[in-house]
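Within every chain, numbering begins at 1; the chains are lettered A, B, ... in the order of the sequence lines, protein sequences first and strands thereafter.
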Amino acid sequence: MNDPFELSDEPEEATPSAPPPTVYLDSLNNDQRQAVEAIEGPVLVLAGAGTGKTRVLTTRLSHILIQGHAYPGEILAVTFTNKAAKEMQERVAQMVDRNVDGWWLGTFHALCVRILRSHGNAIGIDTRFTILDTDDQIRLLKQILRERDIDTKAWPPRALLNIIQRWKDRGLVPDKVVGQDGEDFADGLAIKLYKEYQTRMASQNTLDFGDLILHCLTLFTGHPEILKVYQERFRYILVDEYQDTNVAQYLWLRLLAQKHRNICCVGDDDQSIYSWRGAEVGNILRFEEDFPGATVIRLERNYRSTGHILGAASGLIAHNEGRLGKTLWTKDPGGDKVVVQAAWDGQEEARLVGEEIEVLQTKEYSLGEVAILVRTGFQTREFEERLMTLGVPYRIIGGLRFYERKEIRDAVAYLRVIFQPGDSLAFERIVNLPKRGIGQATMQIIHQFARSADKPLIEAIEVLLETDELKPRAKKPLGALLEDFTRWRAMAEVENHADVLETVLDESGYLEMWRMDRTPEAPGKIENLKELITALTEFDSLEDFLEHVSLVMENERASEGEKVTMMTLHGAKGLEFDVVFLPGWEEKLFPHQLSLDEKGRDGLEEERRLAYVGITRARKKSYILHAANRRVYNEWRSNLPSRFVDELSEEHVLKRNKPGLYGNNQGGGQSASLRETGPSFSYGSYGRKEKTVTVNAEPSFSTSDEKYSAGQRVFHQKFGYGRVLNSDGGKLQIAFEKAGVKKVMENFVEEA
DNA sequence: CCGGTTACATTTTTT
DNA sequence: ATGTAACCGG
């Protein structure tokens, strides 16, 4: 096993008399430089959006090395994503001109894997463990629920998984859980189920992602001598995106930092947007209490956006109470104001964005620098349609990643069974893929036996094949499958793994299954499988590859050509574009209703941070849009503009609304501006060609000698053109020319 | 057991 | 609209 203490940390060549150069500091501003040079004691670097955070991190790490404060093996640098880890590795490697292989530079999870692979046996973990993905976790929980005759409809395994994950995020092993959180799940059984889940995983020699950190904590707290080794080793600790750490990760860091106390956390409380997966903003807010004597350094000079963009964003985020507070500034004061535009519905919104993109295209902007950032995934659809008709190339980021695709997981499941015969979850996944005539009934018998005999499925089958428990119809294919696996396993001993996979996919009939498939997706799946085989050649061992597969995400495949990028706001964190479109700024969508329901004020603040993240992605232009009506799946919703729109500092915003329903009416002309209010809004004569609608009418301009009189032609954004039938006391009766409005706008109350 | 049909849900997502 | 999971009849 790769012992972490045998790693390349030989000293730098003895430094001659001359002190090491510090040219790398010259290009930094004062704050950045301070953040790089303050290497003793706890340091919190509050790095606002676009303030050069990554640069500070990498320079700091390099600085410690170059100045000879520590050897590479004595620095721990932690990130959240593999992408961030990779970027840091590359940049540091370049700065110090060395190979960084074997350095302690990676994600929380990857580093924990490394620790557990070395010392896991101290707490009874077989160090050849494999890591479960979400699919497996759900499948396992479902089994557990079924066995206890718990209705998986009333108590979805997914919900249980969430509860368990939150516990793990907080560093709680089953015995430590005392909370009320899961109490309502299956009549308070959640804790027992959690225990059962852990037992099952242990018996299969698998861990889930949460376990990686959790077990590390158990290891450290239960074995001070091991902890001590790591504590002494890591003279300097660097943490990226500290605002995203959960409690378990915080505890992990605190334990490791105890000896040398040189821990530097970089983060931005205003960009904490992952509380729903366990991140605790509190960690960063409490830093000075947690690490007494801490130095706090603020990076507030923004190198990314124009003054107006920053100004609007600052106005917005200032509405949050739970923040440490910082004010971004820039030397690039002017620029374009943030455009706020109202649209009638999602389609119009998409149309407006499309038009704007075409305009931008004629200017110096390239499509690769344009992004559409949405709150929820479904919002991309209308934009897709629009851009497609316009012939504007686009790509959608997010969705399924390579290794999450069904065919890849299936193939990997085959490999897992070869590699770890005890991996029952993987076996179950592929036992009837392709169809082998092994169905529910058969699996039921096998499961039952396996459980009672406390054996993995495969072993259970081996036994059962000798008996008459199983029908011959099931016995035959099962026997054949086991033989196949024995053969493939033998092959894996000698052949290289890419060849093994190729053979497996071929002989199992899995590939053939897709070849026969006439659905349009099938060819793509075959392509993906081929790609997988190619990828496999690049790994030394199946083991390495399996780890890679469960740990590493396939990053956005090389983006051929200039394309408009579409993704969720969450996906956009850390990225930047010249132009950013932010559609769907409507109450209940953004801020999302569920977020408010679940977390109340905190939820609102997190949504606001999300809005802040969105605006600050833009270098030059930000557009915010909101639609009065939106189709959400099958339903129409009528919407008020998001409160966030009003929270942007006004002097940095340009409202470009058409005269009409919403916001400030600029321009105007002949058409009347109508404002609906809930209670007084009603339909008449339904289903006829003409609709009569009563609405509250207000003049567009407050100089209100403007009046509507009978017979006047008016325009209403929802119902189109109509003629005033009579007007009295601000209420208009209008006959609209077109029929076909689908839904009454209830709950539509404008604030005074 | 299989394949077709219906019912159902649908914020955000990394490791 | 869309995908998945449960369901049912052959």
Side-chain angles (χ1 to χ4, degrees), chain A residues 78-85 106-113 131-135 137-139 142 146 151-153 156-159 162 165 168-169 207-214 241 244-246 248-249 272-279 373-382 384-385 397-401 403-404 406 432 434-444 471 473-474 477 519 521 547-555 567-574 584 588-599 603 606-607 609-611 613-614 631-635:
Chain A
V78 203
T79 64
F80 272 86
T81 62
N82 289 300
K83 194 177 158 200
T107 64
F108 276 102
H109 296 88
L111 294 168
C112 284
V113 167
I131 299 164
L132 289 190
D133 60 32
T134 312
D135 262 15
Q137 291 176 283
I138 300 268
R139 194 170 303 125
K142 204 187 232 168
R146 286 239 168 95
D151 180 8
T152 50
K153 222 167 206 172
R158 177 82 238 186
N162 270 335
Q165 254 159 4
K168 290 188 176 178
D169 287 340
L207 302 181
D208 68 18
F209 283 112
D211 284 338
L212 296 175
I213 289 148
L214 198 63
E241 306 279 17
D244 288 338
T245 48
N246 60 37
Q249 289 159 338
S272 166
I273 55 174
Y274 284 115
S275 75
W276 47 272
R277 62 181 201 214
L373 308 181
V374 295
R375 173 68 241 267
T376 72
F378 76 81
Q379 288 174 264
T380 55
R381 196 159 296 158
E382 274 152 333
E384 261 191 283
E385 275 167 25
I397 295 189
L400 284 190
R401 274 155 290 149
Y403 78 86
E404 278 175 350
K406 187 181 176 327
N432 206 24
K435 298 264 152 61
R436 296 188 175 91
I438 298 153
Q440 257 179 321
T442 314
M443 286 313 287
Q444 191 98 33
K471 299 214 171 76
R473 195 152 130 225
T519 55
E521 302 85 63
E547 191 152 295
H548 177 82
V549 160
S550 47
L551 227 40
V552 174
M553 79 179 214
E554 172 88 1
N555 273 322
M567 62 177 130
T568 63
L569 286 159
H570 285 91
K573 199 171 134 202
K588 299 189 176 173
L589 177 59
F590 191 32
H592 200 284
Q593 187 64 48
L594 287 177
S595 177
L596 303 187
D597 291 348
E598 278 170 23
K599 301 263 188 63
E606 179 148 319
E607 295 283 302
R609 291 193 287 268
L610 198 52
V613 167
R631 211 184 149 136
V632 180
Y633 303 106
N634 239 353
E635 276 182 11

Identify which nucleotide among dT11(B), dT2(C), dT12(B) has an atom closest to any side-chain atom of His592(A), counting heavy atoms from C-beta outward.
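Selected nucleotide (nearest to the side chain): dT11(B).
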Report the nucleotide, chosen from dT2(C), dT11(B), dT14(B), that has the shortest atom-to-atom distance to any side-chain atom of Arg277(A).
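In terms of side-chain proximity for Arg277(A), the closest of dT2(C), dT11(B), dT14(B) is dT14(B).
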Could Arg277(A) and Tyr274(A) be counted as a cation-pi pair, given that NZ or CZ must be under 6.0 Å from the ring centre and within 45° of the axis?
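That pair qualifies as a cation-pi contact.
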Can you see if the side chain of Thr568(A) gets near the phosphate of dT13(B) - specifically, an N or O under 4.0 Å from OP1 or OP2?
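Affirmative; the distance criterion is met.
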Is any side-chain N or O of Lys142(A) closer than 4.0 Å to OP1 or OP2 of dA6(C)?
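So the side chain of Lys142(A) is within the cut-off, an N or O lying under 4.0 Å from OP1 or OP2 of dA6(C).
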Could I get the full list of side-chain hydrogen bond (donor to acceptor under 3.5 Å, both in side chains) partners for [X], not counting sequence neighbours?
X         : value
Glu606(A) : Ser275(A), Arg609(A)
Thr79(A)  : none
His570(A) : Trp276(A)
Asp169(A) : Arg166(A), Asn246(A)

Find every protein N or O atom lying less than 3.5 Å from an N or O atom of nucleotides 7-10 of chain C, and list the pairs.
none

Tabulate protein N/O versus nucleotide N/O from nucleotides 2-4 of chain B, keeping only pairs under 3.5 Å, one per line.
residue	atom	partner	partner atom	Å
dC2(B)	OP1	Gly437(A)	N	3.0
dC2(B)	OP2	Asn432(A)	ND2	3.2
dG3(B)	OP2	Lys435(A)	NZ	3.3

Using a heavy-atom cut-off of under 4.0 Å over every strand shown, decide if Gly377(A) touches base, sugar-phosphate, or nothing.
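Since only primed, P, OP1 and OP2 atoms lie under 4.0 Å of Gly377(A), the category is sugar-phosphate.
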Under the rule for side chain to side chain contact (heavy atoms under 4.5 Å, CB included), what residues qualify as partners of Glu382(A), not counting sequence neighbours?
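Result, side chain to side chain contact (heavy atoms under 4.5 Å, CB included) vs Glu382(A): Gln347(A), Ala350(A), Arg630(A).
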Quick one: [X] [atom1] to [N] [atom2], roughly how many Å, whole number?
X         : N       : atom1 : atom2 : result
Gln165(A) : dT13(B) : CD    : P     : 15 Å
Trp276(A) : dT12(B) : CH2   : C1'   : 4 Å
Gln137(A) : dT15(B) : CD    : P     : 14 Å
Asn82(A)  : dT13(B) : CG    : C1'   : 14 Å
Asn246(A) : dT13(B) : CG    : P     : 18 Å

Listed partners of Arg436(A) passing salt bridge (Lys or Arg N to Asp or Glu O under 4.0 Å), at least two apart
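Per chain and number, Arg436(A) pairs via salt bridge (Lys or Arg N to Asp or Glu O under 4.0 Å) with no residue.
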Listed partners of Glu241(A) passing salt bridge (Lys or Arg N to Asp or Glu O under 4.0 Å), at least two apart
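Counting only residues at least two positions away or on another chain, Glu241(A) forms a salt bridge (Lys or Arg N to Asp or Glu O under 4.0 Å) with Lys53(A), Lys573(A).
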Using the six-membered ring for Trp and the full ring for Phe, Tyr or His, decide whether Phe209(A) stacks on the six-membered base ring of dT14(B) (centres under 5.5 Å, planes under 30°).
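Check failed, Phe209(A) does not stack on base of dT14(B).
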In terms of the nearest nucleotide of DNA chain B, which residue is placed more toward the 5' end: Thr442(A) or Ser595(A)?
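Residue closer to the 5' terminus by nearest nucleotide: Thr442(A).
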